[in-house]
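The structure appears right after this line, and notes come after that.
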2 protein chains.
Amino acid sequence: MKKAKKRLGKKRITLVEIASAAEVSAITVSRALRNPQSVSQELRQRIQQIVDDMGYVPDAAASALASARTNVIGVLIPSVTNNVFADVMRGIYAEAEASAFRVQLGNTRYSLIEEERLLRVFLSQRPAGLIVAGVDQSESARAQLLQAECPIVQIMEVGHDPVDMMVGFSHHRAAFAATRHLVERGYRRIAFLGARMDPRTQRRLQGFVQALEEAEMLDEKLIVTTPRASTVSLGCELMSELLARAPDADAVFCNNDDLAVGVLFEAQRRRIAVPHQFGICGFNDLEIMAVANPALTSVRTHREEMGRKAMRMLIDRIGGKHIEPRLIDLGYELVARESTARNAGAPAPV
Amino acid sequence: MKKAKKRLGKKRITLVEIASAAEVSAITVSRALRNPQSVSQELRQRIQQIVDDMGYVPDAAASALASARTNVIGVLIPSVTNNVFADVMRGIYAEAEASAFRVQLGNTRYSLIEEERLLRVFLSQRPAGLIVAGVDQSESARAQLLQAECPIVQIMEVGHDPVDMMVGFSHHRAAFAATRHLVERGYRRIAFLGARMDPRTQRRLQGFVQALEEAEMLDEKLIVTTPRASTVSLGCELMSELLARAPDADAVFCNNDDLAVGVLFEAQRRRIAVPHQFGICGFNDLEIMAVANPALTSVRTHREEMGRKAMRMLIDRIGGKHIEPRLIDLGYELVARESTARNAGAPAPV
DNA sequence: TTGAAAGCGCTAACAT
DNA sequence: ATGTTAGCGCTTTCAA
């Protein structure tokens, strides 16, 4: 009969057991695994063999505790279902996979409270780095970020005072450009459709408003927003609401592409001719925009690149590099397609 | 002048410092934070106050090491950009957020090697539980899962020998039902469009094949597949390829909804009347299907529910409950819409 | 309800 | 190239 253990819990193989099987000290096994060159060829192979045979799995907690560091990069984004963030995540993962870092994803669900909570959880893990979406953290969250002892990249936007580093673009300017495009194509009763109304959407609305004010075309009646999450079907609904409120609307800038696709479908159902009677411009340029009928105009944003770059900056910085500049503006690109080709190029008739 | 520390590294506040500030022992502070009822009211408040004032953040690694457990649920899925998994993740997060568990996401990118690697990383963290997509792990990955000392849920499919627990549905049967539907609606030259061709897609193809064999309508020429990831624009391409190969095709069962939307767009461009000349059925029933013109038929799958249920089973099991049954079939639902309404109900003419 | 002592499994620092 | 020693910060166990 076995003696009762002082501490219970299923035993798993430890470094010490590997070490005694290999007849070396624990630290040598540790080195052989973490930094194979630091150990002689013969030993390295012998140890690896024993590790495989015994099915040794290192204990990440013990390692983190002893070394006071981890290979975890925390990522805080407001949505896991939104295509925009899915693309950013793809960039982040792409860059992470080539490195020794692991990504830990936190979903704030557009809640500042949840963001604070997750930040606390993440920081308790001594992450190697942090990527957070946006610049609108709560005061307390911002304080936590400023105190954090790891590098941090804010993504999605550009703004004045980065907590540390930043990669994004100006939503205001991008929306301004899209709205100007509609004006230049001869549309006169240009509407805005916005869902969710998170800070980035708000800034796009401001860009829209500024462009139409300058063109002396702004009509508040043409701004339709909802706090609901954007979907294609919501685009249909908002389009219906817009037409009920303002039947003379002749174009729309949608806060994102899902809405734009919904608007197109609704226009088709109502036999409204796009782009001749009605122009549509989306935001983000998801791949569906290029193949819809008619193809939909949008503002292309560099989402995957944003994720990649953020991760790259983090890894470089963790590696000790000096990062300059700390604020990167990835810009945007207006992609004009059939859905706004009413009056291409020519100035609008009065 | 301070004496040099034996171990360097930025100091952060520890439990002991809180304890001495509160003039109690470390274990009391630990208890006050983890299990407030176990400490007197007065002490609890005093300790909480000090914790807040000093900005104490517990060290997750130390806690994990000492207690040999974590609150991490590892989730392994093959894609972070695929809408299907995004919905599953939403379910997982929804259930996790109501609990004390955190989700750690791993992206296998449809690679068995990557899955093995991630499994190793995850297991080194002593996760409280694991959710893995599919039943087609490599032999070595399956061995790792069987040895793991935490509960595990396989999702997305149902199959004979669960590693532990399982929540999913039969892709074979779902595809069979969709194909039968097209047969019943009077289509005779029914094609299959498949992208990615992962194991679940393969099983859908088998369901398709079986249905058409039984109807004596199978023609291999009508099966168009590609290893590329599915997108709307790929749907357009595959549709073009299908029509080049088999101009007499009169319906298509698409491996997923993105392809189906692409097929619709391509049909519109070619002035092919849907559903009269050509029927379209997708898979998953993303929300866009219901609002497209015409509305697209699809097979609804319960993705968010799958995520929720998997997480729920895990949490219950970690909490010591006995879970029965260990295999849950969530089924599917054929949602017939305009895109297959050629000959509703009536048996096919010969 | 509170405390003292003893590790958890690993790695940093300092040898050799 | 390899070993010795001493913790990392917390929680378990046992005791009061």
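Every chain is numbered from 1 and lettered A, B, ... according to where its sequence line falls, protein lines coming before strand lines.
Residue pairs meeting the side chain to side chain donor-acceptor pair (under 3.5 Å) criterion with at least one member in residues 55-65 of chain A, sequence neighbours excluded: Asp59(A)-Arg126(B).
Residues satisfying the side chain to side chain donor-acceptor pair (under 3.5 Å) test with Arg303(A), not counting sequence neighbours, are Asp87(A), Thr301(A). Applying the salt bridge (Lys or Arg N to Asp or Glu O under 4.0 Å) rule to Arg117(B) yields the partners Glu114(B); only residues at least two apart in sequence or on another chain are considered. Remark: Arg326(A) pairs with Asp164(A) by the salt bridge (Lys or Arg N to Asp or Glu O under 4.0 Å) rule, at least two apart or across chains.
Between dT11(D), dC10(D), dC10(C), one nucleotide has an atom nearer to the side chain of Arg34(B) than all others, and that is dT11(D). Checking dT2(D), dT11(C), dT12(D) against the side-chain heavy atoms of Ser67(B) singles out dT12(D) as nearest. For Thr14(A), the listed nucleotide lying nearest its side chain is dC10(C); candidates were dT2(C), dG9(D), dC10(C). Side-chain proximity of Ser40(B) to dC10(D), dT2(D), dT2(C): nearest is dT2(C).
Regarding contacts with the backbone of dA12(C), a side-chain N or O of Arg69(A) is found under 4.0 angstrom from either OP1 or OP2.
A salt bridge links Asp161(A) to Arg142(A): at least one charged side-chain nitrogen sits closer than 4.0 Å to a carboxylate oxygen.
Per the geometry, CD1 belonging to Ile13(B) stands 11 Å off P belonging to dG9(D), to the nearest Å. Between Gln45(B) atom CD and dT1(C) atom C1' the separation is 16 Å, expressed in whole Å. The distance between atom CG of Leu15(B) and atom C1' of dT12(D), rounded to the nearest whole Å, is 14 Å. Put simply, CZ on Arg44(B) is 12 Å from C1' on dT1(C), counting in whole angstrom units. Between the CG atom of Asp59(B) and the P atom of dC8(C) there is a distance of 18 Å, rounded to whole Å. Rounded to a whole Å, the CG atom of Leu65(A) is 10 Å from the C1' atom of dT11(C). Protein atom CG of Leu33(B) is 15 Å distant from nucleotide atom C1' of dT2(C), rounded to whole Å. When rounded to the nearest whole Å, the span between CD of Gln125(A) and C1' of dC8(D) equals 17 Å.
One end of the helix from dT1(C)-dA16(D) to dT16(C)-dA1(D) points its axis 10° away from the other end's axis, with each axis taken from 5 pairs and the angle rounded to 10°.
With Ser79(B) contributing its side chain and Asn82(B) its backbone, the two residues share a donor-acceptor pair below 3.5 Å. In terms of modelled atom types and a separation under 3.5 Å, the side chain of Glu157(B) and the main chain of Gln154(B) share no donor-acceptor contact.
Shown for residues 23-32 of chain B: residues whose heavy atoms fall under 4.0 angstrom of DNA chain D, namely Ile27(B), Ser30(B).
Checking Val72(A), Leu123(A), Val163(A), Leu314(A) one by one against Leu130(A), the side-chain contact (heavy atoms from CB on, under 4.5 Å) holds for a single residue, Leu123(A).
Side-chain contact between Ile152(B) and Met165(B): absent, with no pair of heavy atoms (C-beta onward) separated by less than 4.5 Å.
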